[in-house]
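Here's the structure we're looking at; comments come further down.
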Amino acid sequence: PRAGTLAGSVRRDRVAAATGSAPDRPSRSRSMPRLTVERSTDHVTLRLDAPERRNALDLETMAALVAALRAADDDPDVRAVVLTGTDPAFCAGLDLAEIAAGRLELAEVARLDADPWQVLQELTTPTIAAVNGPAVTGGLELVLCCDLAVASERARFADTHARVGIHPSGGLSVLLPRFIGLRQALGMSLTGRFVDAEEAAALGLVNVAVPHDQLVAATDQVVSAIVGTDPVVLHELLATYRRLSGVPLAEALQAERERG
């Protein structure tokens with residue numbers, strides 16, 4: 001389900017159309033990942049922190065995100081991981097300017113073990129997407145790969161893979177129809193239409209939509225509820241969900257009974 005490659009080079013005019021900015025942006029250092037890690041008593045918040053490029057992902061930021069996710073998962077005191085972005089966006093997906101300049105290729109992501117979408121689906125610690133703004137394409141895939149999602153009223157969701165000429169590889173074509181159904185998923189992917197927070201909650205794409213100024217409080221409530229559960233059973237339950245997702249119904253029900 002994770003197969004997929006960059007469909008050739010992305011033309012600079014496509015980059016401009018997708019990002020709303022000039023395609024020939026100045027080169028920047030590749031040694032500064034844009035990610036902040038905020039540690040609380042019982043959870044970690046990972047914040048994509050490149051607001052000037054709508055928190056688009058370059059190779060260094062993806063590698064830093066993978067390392068931070070694994071470090072949180074290895075810490076027994078961390079009961080939940082929150083993924084969010086610095087306003088105004090959650091995440092615009094892959095940095096298309098980096099792709100157009102030849103500095104970002106999916107082959108390199110795999111070689112450097114810097115795939116946050118895959119790692120999110122492997123964690124044993126519950127993950128929560130606190131969607132503070134638009135989550136587009138790879139950003140939408142980050143939301144899909146989290147276990148729970150709380151959306152600000154400013155959040156918008158879209159799959160623009162077909163528009164920018166990149167085949168999905170972060171699980172979108174598998175996970176999106178599981179959450180919202182095949183017909184609705186095709187409607188998003190084939191047209192690139194945007195879904196607002198209220199519709200996203202109605203479709204099941206997110207758990208709840210809240211006013212923007214209540215996003216942090218609403219997310220904290222979810223974290224508190226998770227912290228109040230039995231950690232051993234919670235990890236087993238999450239592992240069961242992971243293992244049975246996509247398995248035929250009869251087989252899944254039998255496997256669940258065997259684990260019970």
Side-chain angles (χ1 to χ4, degrees), residues 1-36 46-68 83 85-120 131-145 155-173 175-176 188-195:
R2 301 189 48 77
T5 59
L6 295 179
S9 61
V10 179
R11 299 205 320 267
R12 292 181 183 273
D13 57 345
R14 283 184 175 177
V15 173
T19 62
S21 59
D24 294 318
R25 293 185 291 180
S27 298
R28 55 177 175 76
S29 170
R30 302 187 65 218
S31 61
M32 296 177 61
R34 308 293 184 89
L35 179 75
T36 62
L46 305 179
R47 185 181 304 277
L48 300 173
D49 193 19
E52 76 284 353
R53 54 191 177 97
R54 303 185 70 78
N55 300 323
L57 299 170
D58 60 12
L59 194 58
E60 289 71 32
T61 301
M62 286 190 283
L65 180 55
V66 164
L83 179 62
T86 298
D87 287 345
F90 174 76
C91 179
L94 293 176
D95 191 326
L96 297 180
E98 291 285 291
I99 295 173
R103 294 190 295 264
L104 175 57
E105 298 180 359
L106 291 187
E108 281 292 286
V109 174
R111 185 181 69 81
L112 296 175
D113 189 22
D115 186 334
W117 300 278
Q118 179 175 343
V119 172
L120 276 167
V131 191
N132 58 295
V136 179
T137 310
L140 172 58
E141 288 177 310
L142 289 177
V143 176
L144 293 171
C145 290
R156 300 173 73 220
F157 305 86
D159 174 23
T160 61
H161 280 102
R163 287 187 179 181
V164 300
I166 301 175
H167 191 280
S169 63
L172 185 134
S173 62
L175 297 174
L176 187 60
M188 290 183 67
S189 293
L190 299 185
T191 67
R193 81 177 183 94
F194 278 79
V195 170

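Quantities reported herein were computed from a predicted structural model and do not represent experimental measurements.
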- Query: Between Leu140, Leu144, Leu190, Thr191, which is the residue that forms a side-chain contact (heavy atoms from CB on, under 4.5 Å) with Asp159?
  - Reply: Leu140
- Does Trp117 reach the main-chain N or O of Gly138 with its side chain, forming a donor-acceptor pair under 3.5 Å? yes
- Item | Shortest non-hydrogen contact from Ala158 toward Gly192 | CB-O, 4.0 Å
- Query: Salt bridge or not for Glu105 and Arg111, using N-O below 4.0 Å?
  - Reply: no
- Task: Using a 4.5 Å cut-off on heavy atoms from C-beta on, say whether the side chain of Asp95 contacts that of Thr61.
- Result: no
- Message: Within the 4.5 Å heavy-atom criterion, are Asp49 and Leu35 side-chain neighbours or not?
- Response: no
- Task: Could you check if a side-chain atom of Leu175 sits within less than 4.5 angstrom of a side-chain atom of Glu141, using non-hydrogen atoms only?
- Result: no
- So, does Thr160 use its side chain to make a donor-acceptor pair with the main chain of Thr137 at under 3.5 Å? no
- Does the side chain of Leu104 reach to within under 4.5 Å of the side chain of Val109, using non-hydrogen atoms? yes
- Query: At what distance, to the nearest 0.5 angstrom, does NE2 of His161 lie from OG of Ser169?
  - Reply: 6.5 Å
- Query: So how far is it from Arg54 CZ to Thr86 OG1, rounded to the nearest 0.5 Å?
  - Reply: 12.5 Å
- Note on the structure: d(Arg34 CZ, Leu48 CG) to nearest 0.5 Å is 11.5 Å
- SG/Cys91 to CZ/Arg53 distance, rounded to the nearest 0.5 angstrom? 9.0 Å
- Nearest 0.5 Å please: distance from the CG atom of Leu142 over to the CG atom of Leu172. 11.0 Å
- With side chains defined as the heavy atoms from C-beta onward, is the minimum distance between Val66 and Leu112 less than 4.5 Å? no
- Note on the structure: In short, Ala114 meets Met62 closest at the heavy-atom pair O-CB, 3.3 Å
- Item | Backbone N/O of Arg103 and side chain of Glu98: donor-acceptor pair under 3.5 Å | no
- Task: Verify side-chain contact (heavy atoms from CB on, under 4.5 Å) between Ile166 and Leu96, making sure each step is shown before the conclusion.
- Result: CA-CA 10 Å; Ile166 301 175; Leu96 297 180; 3.6 Å; yes
- Ignoring hydrogens and geometry, is there a side-chain-to-backbone donor-acceptor pair from Asn55 to Ala89 under 3.5 Å? yes
- Item | Nearest heavy-atom neighbours spanning Pro134 and Pro88 | CD-O, 3.4 Å
- Task: Using atom types as modelled and distance alone, determine if a side-chain donor or acceptor of Asn132 lies under 3.5 Å from a backbone N or O of Gly85.
- Result: yes
- Message: Return the CG to CG distance between Leu57 and Leu94, rounded to the nearest 0.5 Å.
- Response: 6.5 Å
